[in-house]
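Okay, so here's the structure we're looking at.
Lettering follows sequence order; numbering is per chain, from 1.
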Amino acid sequence: MIWIENIGNYEGKEVVLKGWVYNKRSSGKVRFVLIRDGTGILQAVFSAQEVDENSFDLADKVTQESLVELKGIVRKDERAPGGFELVAKELKLLSSSENYPITKKEHGVDFLLQHRHLWIRSRKQFAILRIRAEVIKACRDFLDNKGFILIDAPILTPTSCEGTTTLFEVNYFDRKAYLSQSGQLYNEAAAAAFGRVYCFGPTFRAEKSKTRRHLTEFWMVEPEASFMELFDIIELAEEMIVYIVERVLEKRKKELEILERDVSLLSNIKRPFPRITYDEAIKRLQEKGFKINWGDDFGGDEETFLSNLYEKPLVIYYYPAKCKAFYMKRLKENPEISLSVDILAPEGYGEIVGGGQREDDLKELEKRLIEYNLPREPFEWYLDLRKYGSFIHSGFGLGIERTVAWICKIKHIREAIPFPRMLDRIYP
RNA sequence: UCCCCGGUAGCUCAACAGGUAGAGCAUCCGGCUGUUAACCGGAGGGUUGCAGGUUCGAGUCCUGCCCGGGGAGCCA
């Protein structure tokens, strides 16, 4: 099987390819048909003398997104997009396509999202989703190489992980269950069993958020490591981000080109990252005239401002405990401060990582459940982790779509997932 | 939930101050021997989101509803 991706290996040879018609152009006695096979796009050239009449005719008549079989000789030619083209010998129609809705001109967002199942065939979406696949592979390779074990957390859960967030409720054999909003708590159990673990999967938030940073279904990779403290986990997150960016730069050059991404900014993503405390962040914001007080969480504008401060991701740590989840360990010297961290991607992208050191003291944790107004019963198993050999441990979650959106420099994270789920949008 | 913007041909949009609904792309027909969202000529294509109101006359003004976009809040 020959794929367009590797077409350069067949220079001068006759090949047969299957693919969908991406575009066609004609100029009298020369016709150009661009076909895509899922790995790339290749231009085929039809000249009247070198091809039979039926094929030449078809090269003019064939419609966008029809499936065709193409025979021809691979030739290097600078005029061809991609550097190689096919001198066509024969074209066969395998399956026709009529009135393909996504044409060569512009379309609106609503229309494209209604046709997402077809939109993913187009060049830019193709590039983004291939980068997404690389980002995911990079996360997994990085953690696997570091000795982390993949232990997936359940999607159906008996209760909220953090209590506050709105959850999707499902009927579970006449009992209530909820779609997971984080694998975090299960990860902690797994960390005690396997040392260093991670889970990777979809998470769900039933918030009525309508912004470019939010989806109701999104993917996270969540490492959790025993014996690691806050600053160990910050280091791990930094290394992981550097690794992801490096891998995309190395393996997805073409896709970044399609997206016209300025790669010099990405090449700059090396350690160390700038690190500031929450207190410093507040000070910087207040200096700029933001109306924000100590104890407030950052809003969208604040996050954008902070993430534009540096060319590298910005590490912000020591958030007020009340901004963070009940399971965050507190600073010994000041229990108002949690051992927590967020990492904001640069170029205005905002938070891609959130994490911290977990409370390992049973009494403290019991107190927190009460403080946060959470029922004890569904968390019994979680408390057990502190009863049977409690251990220092930390972890974080990295949002896949936000990371992909940043690396691809796309405006809205809905394009960073194959089939986005948003408020009022669950089709296709 | 709130604020702002929008809904006109398959798609993207235009239509002055209320006066015969129009262009590009797509489709179909024709032309062009290297096109790069190719280009050039021609043709077909409309319940102006829905319901009501004002008016001699409504795409345009008013009211309600529906749908979408951007943002806020909330959140990762």
Quiz question: going by heavy-atom distance under 3.5 Å, is there a donor-acceptor pair between the base of [N] and the side chain of [X]?
X: A:Ser26; N: B:rC32; value: yes
X: A:Glu98; N: B:rG10; value: no
X: A:Gln43; N: B:rU35; value: yes
X: A:Arg75; N: B:rG34; value: yes

Taking atom [atom1] in both [N] and [M], what distance in whole Å separates the two?
N: B:rC13; M: B:rG7; atom1: P; value: 9 Å
N: B:rC29; M: B:rG22; atom1: C1'; value: 23 Å
N: B:rA37; M: B:rA76; atom1: P; value: 43 Å
N: B:rC11; M: B:rG52; atom1: P; value: 25 Å
N: B:rA14; M: B:rC56; atom1: P; value: 31 Å
N: B:rA58; M: B:rC40; atom1: C1'; value: 39 Å
N: B:rC32; M: B:rC39; atom1: C1'; value: 9 Å
N: B:rG45; M: B:rG10; atom1: P; value: 12 Å

Check: Does the ring of A:Phe218 lie flat against the base of B:rA76, closer than 5.5 Å centre to centre with planes under 30°?
Finding: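 Yes; centroid distance and tilt both under limits.
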
Check: For A:Arg25 and B:rC39, is the shortest distance between a side-chain N/O and OP1 or OP2 below 4.0 Å?
Finding: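 So the side-chain polar atoms of A:Arg25 never come under 4.0 Å of the phosphate oxygens OP1 or OP2 of B:rC39.
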
Note to self: Tell me whether the side-chain N/O atoms of A:Arg425 come closer than 4.0 Å to OP1 or OP2 in B:rG69.
What the structure shows: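 Yes, such a contact exists.
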
Check: Got a donor-acceptor contact below 3.5 angstrom from the A:Asp110 side chain to the A:Leu113 backbone?
Finding: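 The answer is no, because no donor-acceptor pair under 3.5 Å joins these two groups.
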
Check: Any sub-3.5 Å donor-acceptor pair from A:Ser96's side-chain atoms to A:Ser66's backbone N or O?
Finding: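 The answer is no, because no donor-acceptor pair under 3.5 Å joins these two groups.
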
Which nucleotide sits closest to the side chain of [X]: [options]?
X: A:His107; options: B:rG68, B:rG69, B:rU12; answer: B:rU12
X: A:His214; options: B:rU35, B:rA26, B:rC74; answer: B:rC74
X: A:Ser27; options: B:rG71, B:rU27, B:rU33; answer: B:rU33
X: A:Asn99; options: B:rG73, B:rA76, B:rU27; answer: B:rU27
X: A:Thr63; options: B:rC28, B:rG34, B:rA72; answer: B:rC28
X: A:Thr103; options: B:rG10, B:rC75, B:rG71; answer: B:rG10

Aromatic rings [X] and [Y]: how do their planes relate, parallel, tilted or perpendicular, breaks at 30° and 60°?
X: A:Tyr243; Y: A:Phe142; value: tilted
X: A:Phe305; Y: A:Phe290; value: tilted
X: A:His115; Y: A:Phe111; value: tilted
X: A:Phe231; Y: A:Tyr318; value: perpendicular
X: A:Phe200; Y: A:Trp219; value: tilted

With a non-hydrogen cut-off below 4.0 angstrom, is [X] in contact with a base, only sugar-phosphate, or nothing?
X: A:Pro81; value: base
X: A:Gly399; value: nothing
X: A:Glu85; value: base
X: A:Ile352; value: nothing
X: A:Asp297; value: nothing
X: A:Phe32; value: base
X: A:Gln49; value: base

Take atom [atom1] of [X] and atom [atom2] of [N], then tell me their distance rounded to the nearest Å.
X: A:Gln114; N: B:rC67; atom1: CD; atom2: P; answer: 13 Å
X: A:Gln181; N: B:rC74; atom1: CD; atom2: C1'; answer: 13 Å
X: A:Tyr349; N: B:rC75; atom1: OH; atom2: P; answer: 24 Å
X: A:Asn23; N: B:rC39; atom1: CG; atom2: P; answer: 10 Å
X: A:Asp60; N: B:rU33; atom1: CG; atom2: C1'; answer: 14 Å
X: A:Lys29; N: B:rG31; atom1: NZ; atom2: C1'; answer: 9 Å
X: A:Leu42; N: B:rU35; atom1: CG; atom2: P; answer: 18 Å
X: A:Glu207; N: B:rU1; atom1: CD; atom2: P; answer: 16 Å

Check: Could you walk me through whether A:Arg79 and A:Gln43 pass the side chain to side chain donor-acceptor pair (under 3.5 Å) check?
Finding: CA-CA 10 Å; A:Arg79 291 169 293 185; A:Gln43 171 169 283; over 6 Å; no

Item checked: Any residue of residues 411-422 of chain A with a heavy atom less than 4.0 Å from an atom of RNA chain B ->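 Hits under 4.0 Å, by residue number: A:His412, A:Arg414.
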
Check: Taking the six-membered ring of A:Phe56, is the NZ or CZ of A:Arg31 close enough (under 6.0 Å from the centre) and on axis enough (within 45°)?
Finding: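 Yes - A:Arg31 lies over the ring of A:Phe56, closer than 6.0 Å to its centre and within 45° of its axis.
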
Notebook entry, point to check: For residues A:Trp3 and A:Asp37, is any side-chain donor paired with an opposing acceptor at under 3.5 Å?
Noted result: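 There is no such pair (donor and acceptor under 3.5 Å, judged by atom type) between the side chains of A:Trp3 and A:Asp37.
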
Next item on the list: Please identify each residue that fulfils ring pair (Phe, Tyr, Trp, His ring centres under 6.0 Å) with A:Phe194, with sequence neighbours left out.
Entry: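 A:Phe194 satisfies ring pair (Phe, Tyr, Trp, His ring centres under 6.0 Å) with no other residue.
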
Next item on the list: Write down the partner of B:rA17 under the Watson-Crick or G-U wobble criteria, each distance required to be under 3.5 Å.
Entry: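 In the structure as shown, B:rA17 has no Watson-Crick or wobble partner.
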
Check: When the nearest nucleotide of RNA chain B is assigned to A:Glu303 and to A:Ala48 on a heavy-atom basis, which residue is associated with the more 5' position?
Finding: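 This one resolves to A:Ala48.
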
